Amino acid sequence: MANTIHILSADIANKIAAGEVVQRPASAVKELLENALDAGATSLAVIVKDAGSTSIQVIDNGNGMSPADALLAFQRHATSKISTAQDLEAIRTLGFRGEALASIAAVSQVEMKTRQSENDLGSLIRIEGNELKEQSPTAAECGTAVTVRNLFYNTPGRRNFLKTRNTELKNISDVVTRMAVIYPEVAFLYVSDEEQLLDLKPKDAGGRLADLFGDKQFRSLLPLKETTDFLTIEGFIGRPDFARKSRAEQFLYINRRSIMNRSLNHAVFQAYEHLMVKGAFPFYVLNLTLDPAKVDVNVHPSKLEVKFENESAMYRFVLHAVRKTLGEHDLVPSVSLGSAESSLGPEGRLHFLSGIGAQTHLGDIPQVQSPGADIDLGRVFRKVERRIGNDVVQKDGEATFPTDTDHQPPVPPERVVQHLPIGSAGDQLAIQDGKPIWQVQNKYILSQIRTGLLIVDQHVAHERILYEKAVANFENSLPTTQQLLFPQTIQLTASDYTLAKDLIPHLEKLGFDLKLFGKNTVVIEGIPADVRVGSETQILQDVLDEFRNNEHTETMDARDNLAKSFACKAAIKAGDRLNTTEMLVLIDQLFATQMPYVCPHGRPIVVKISVDELDRRFGRTVK
Ligand code: ADP
Ligand code: MG
């Protein structure tokens, strides 16, 4: 197939984001790989010496170039990929600027061998610093081999500017890896100073990831796919407990082009809110497929940045898709009895992510059922099993991808008192409906599930329930208040009084009914449905104290802080004895929340001991 390269008119050339293409060896490798893939290669080799400063060789089995094209290819603005300004509006190839080969040839000694399948002979071209040294027919494999020697030999400033050999090689490896991840059907060979770093056979997407990152890492990934009429997102996301210490293993692509995009990265990060240890990052490989006319790649010469027609819709789409995938999987940490540490790390504790925009939007939380003595045990356990069982299932009330026009207000909560009746005397072991449930040390709730034993920390479980309710209350402003028969008066310090005054609109949304009496006195006339009557003054004081503590340590907005402070202080405590109904209501409500696995401060709520683990422990052979 002929490439028929032409020189872009000055008019179009001027519309192309100007700037340097080749800043370092890795950028040359990236451009050469893009050319090979644009040429339809199914097999690629990248061979570098001295991290690319002595030589870079990229060999492909793509469609090659005619002798005339081979020469033209090194001219500036010479490309076969676009011809009109309109083409620039919808770029379908990795390259389009017609500058890479010219730029590389200007600062190095380049040799190119290329042959198209219809020709018996290929052509050899040697160029040094943009000067043609040789063009001759030559025997060559089908495809193209470009060798770049002594990069920046004629620009010593540039050459001296290069980082250490290790850094440059790492950058090259990164470029090769990013390409290999998203072109799994292409074979990649990558050699550095005679050492073979990668030898990847064509595979499906998952197989390629397993080859690149190992089977263990691959097994920790959750497949993701979500489609709308104009957008598809597909790939894999890491289980939170396999988080990485850096962003290096975050692979984001638009139409199989590796890009950097803070907003979409943040969308993914946001979806993992409360699930990650502080300073950890989720592993992910995500490719967005959309009409090339809806994304502008011509923003920066490196083509790493893109602009979307509708950035906020993209953000919401990514957030939704990742959240949904996480919600569909069992993220309960399985404890191994053999070690003291849980899979959550040495502290056994996750941190709340206090980063930017850490506020959740919980408009789509399935509403909790109002508890009652006649609770349907079977239903509670089915709900638990649905979310914890091994099968991948959709959770109740699954939200659909919100579009710009389709921002539905959250469903208001039922106007019922939804609180756990605390303090009633209860039995500690109950067997109902064939499902025993225990309270251990007035702290933990134990129950059998299909795959093993479930252990719930009652305080953090209730904290999660109250937190999600509080956030929902902030958003749909329908608090449930219990009016007090005997209003309580509380004397605050001057600064707490000011704080309470500032927070009153928010406190009211939580369900407090407060009157400011001056002289630092507040009268509590009503309290949220979840607060125990009799403890109202204590809880208000505790919430204010906690709010201040959080202000010092975390950067979060006032509402989120208040929701957390309230949840923490109003929740049942370790030591509170629960009866069977209370335990069941708690578990029922917990598994109706968006994130039943981690409390708002990042502590685990639920752990599971699998039957396999017990079998191992008791010396039974596990298949
Ligand atoms: P661009 O990729 O932006 O078009 P380049 O300077 O990278 O610009 O390449 C110029 C042209 O040379 C390409 O448009 C393509 O036609 C041809 N070309 C470059 N590399 C290859 C290759 N490996 N196989 C086939 N054709 C190639
Ligand atoms: Mg190119």
Side-chain angles (χ1 to χ4, degrees), residues 1-9 12-23 26-47 56-85 87-88 90-108 110-119 122-125 127 130 132 135 140-148 175 179 183 186-189 256-258 292 297-304:
M1 201 196 86
N3 296 46
T4 52
I5 298 175
H6 49 265
I7 310 283
L8 293 174
S9 69
I12 306 173
N14 286 337
K15 288 197 169 72
I16 288 177
E20 263 175 304
V21 187
V22 190
Q23 297 108 332
S27 25
V29 172
K30 174 172 180 281
E31 292 295 334
L32 295 174
L33 282 176
E34 289 187 348
N35 282 346
L37 290 165
D38 279 343
T42 57
S43 180
L44 294 172
V46 180
I47 299 158
I56 297 168
Q57 194 171 24
V58 173
I59 305 166
D60 71 58
N61 68 347
N63 49 35
M65 282 168 269
S66 66
D69 272 355
L71 198 56
L72 256 181
F74 287 95
Q75 300 282 315
R76 281 200 73 201
H77 307 306
T79 181
S80 57
K81 297 170 193 176
I82 61 168
S83 32
T84 64
D87 294 340
L88 212 47
I91 291 158
R92 287 164 205 283
T93 43
L94 292 167
F96 59 90
R97 311 173 79 251
E99 300 208 69
L101 288 182
S103 311
I104 292 169
V107 292
S108 68
V110 177
E111 187 181 294
M112 181 168 86
K113 269 189 187 179
T114 183
R115 179 168 76 86
Q116 295 185 302
S117 57
E118 60 265 39
N119 300 333
S123 37
L124 168 77
I125 285 185
I127 297 183
N130 261 351
L132 182 65
Q135 179 179 27
E141 296 284 321
C142 232
T144 304
V146 180
T147 309
V148 177
V175 163
M179 288 281 189
Y183 283 90
V186 176
F188 279 80
L189 178 71
R256 301 225 278 177
R257 176 194 302 281
S258 177
V297 195
N298 184 24
V299 183
H300 191 267
S302 69
K303 298 169 284 187
L304 274 169

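Each ligand, and each atom within it, is numbered from 1 in the order the structure gives. Note that this is a predicted model, so its numbers are computed, not measured.
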| Sub-4.0 Å atoms of ligand 1 with respect to non-hydrogen atoms of I5 | 11 (C), 12 (O), 16 (O), 17 (C)

| T79 neighbourhood, listing ligand 1 atoms whose heavy-atom distance to it stays under 4.0 Å | 1 (P), 4 (O), 14 (O)

| A39: numbered ligand 1 atoms lying under 4.0 Å from its heavy atoms | 24 (N), 25 (C)

| Are the side chain of H6 and the backbone of I82 linked by a donor-acceptor contact shorter than 3.5 Å? | yes

| Closest non-hydrogen atom pair between L72 and A78, with its separation | O-CB, 3.1 Å

| query | For atom 23 (N) of ligand 1, what is the nearest protein heavy atom, given as residue, atom name and distance? | reply | D60 OD2, 2.9 Å

| query | Looking at atom 27 (C) of ligand 1, what's its closest protein heavy atom, distance included? | reply | M65 CE, 3.3 Å

| remark: For S80 and I5, the nearest pair of non-hydrogen atoms, with its separation, is CB-CG1, 4.0 Å

| message | Under 2.8 Å from the Mg ion (ligand 2), is there any N, O or S atom belonging to T79? | response | no

| remark: When distances are taken from atom 10 (C) of ligand 1, the protein heavy atom at minimum range is A78 O, 3.3 Å

| Heavy atom of the protein closest to atom 6 (O) of ligand 1 (residue, atom name, distance) | L101 N, 2.9 Å

| remark: Within 4.0 Å of some non-hydrogen atom of R97, the atoms of ligand 1 are 3 (O)

| query | Taking D38 for the side chain and T93 for the main chain, is one N or O donor matched with an acceptor at less than 3.5 Å? | reply | no

| request: Say whether, by atom type as modelled, one donor and one acceptor occur between the side chain of N61 and the main chain of G143 under 3.5 angstrom. | output: no

| Is a side-chain N or O of N298 found less than 3.5 angstrom from the main chain of K15, in a donor-acceptor match? | yes

| note | shortest atom 26 (N) of ligand 1-to-protein heavy-atom contact is with N3 ND2, 3.0 Å

| task | Provide the number and element of each atom of ligand 1 under 4.0 Å from a heavy atom of A73. | result | 10 (C), 12 (O)

| Within the structure, does K81 bring an N/O atom to less than 3.5 angstrom of an N/O atom in ligand 1? | yes

| request: Using modelled atom types only, decide if a donor and an acceptor are shared between the side chain of T114 and the backbone of M65 within a distance under 3.5 Å. | output: yes

| request: Search all heavy atoms of A105 against all heavy atoms of F74 and return the closest pair with its distance. | output: CB-CD2, 3.7 Å

| field | Under 3.5 Å: donor-acceptor pair, side chain of K303, backbone of F96 | value | no

| request: Considering heavy atoms of the protein only, find what lies nearest to atom 3 (O) of ligand 1 and give residue, atom and distance to 0.1 Å. | output: G98 N, 2.7 Å

| task | Could you tell me whether some N/O pair between E31 and ligand 1 is separated by less than 3.5 angstrom? | result | no

| said: Return the closest protein heavy atom for atom 16 (O) of ligand 1 as residue, atom name and distance. | reply: S80 OG, 2.6 Å

| query | Nearest protein heavy-atom contact for atom 22 (C) of ligand 1: which residue, which atom, what distance? | reply | T144 OG1, 3.7 Å

| Atom indices of ligand 1, in the order listed, that fall short of 4.0 Å to a heavy atom of E99 | 6 (O), 8 (O)

| field | Distance-only N or O hit between ligand 1 and G95, under 3.5 Å | value | no

| query | Out of curiosity, E111 CD to T147 OG1, how far, rounded to the nearest 0.5 Å? | reply | 5.5 Å

| Do any nitrogen or oxygen atoms of A100 come within less than 3.5 Å of a nitrogen or oxygen of ligand 1? | yes

| field | N119 side chain to R115 backbone, donor-acceptor under 3.5 Å | value | no

| field | Within-cut-off N or O pair, F96 and ligand 1, under 3.5 Å | value | yes

| note | Closest non-hydrogen atoms of T144 and G64, given as atom of the first, atom of the second and distance, are OG1-CA, 3.5 Å

| Are G62 and ligand 1 in contact, using a heavy-atom cut-off of under 4.0 Å? | no

| request: Give the minimum heavy-atom separation between N63 and Q116, together with the two atoms involved. | output: O-CG, 3.2 Å

| request: Please could you name the atoms of ligand 1 that G64 approaches to less than 4.0 Å, counting only its heavy atoms? | output: 25 (C)

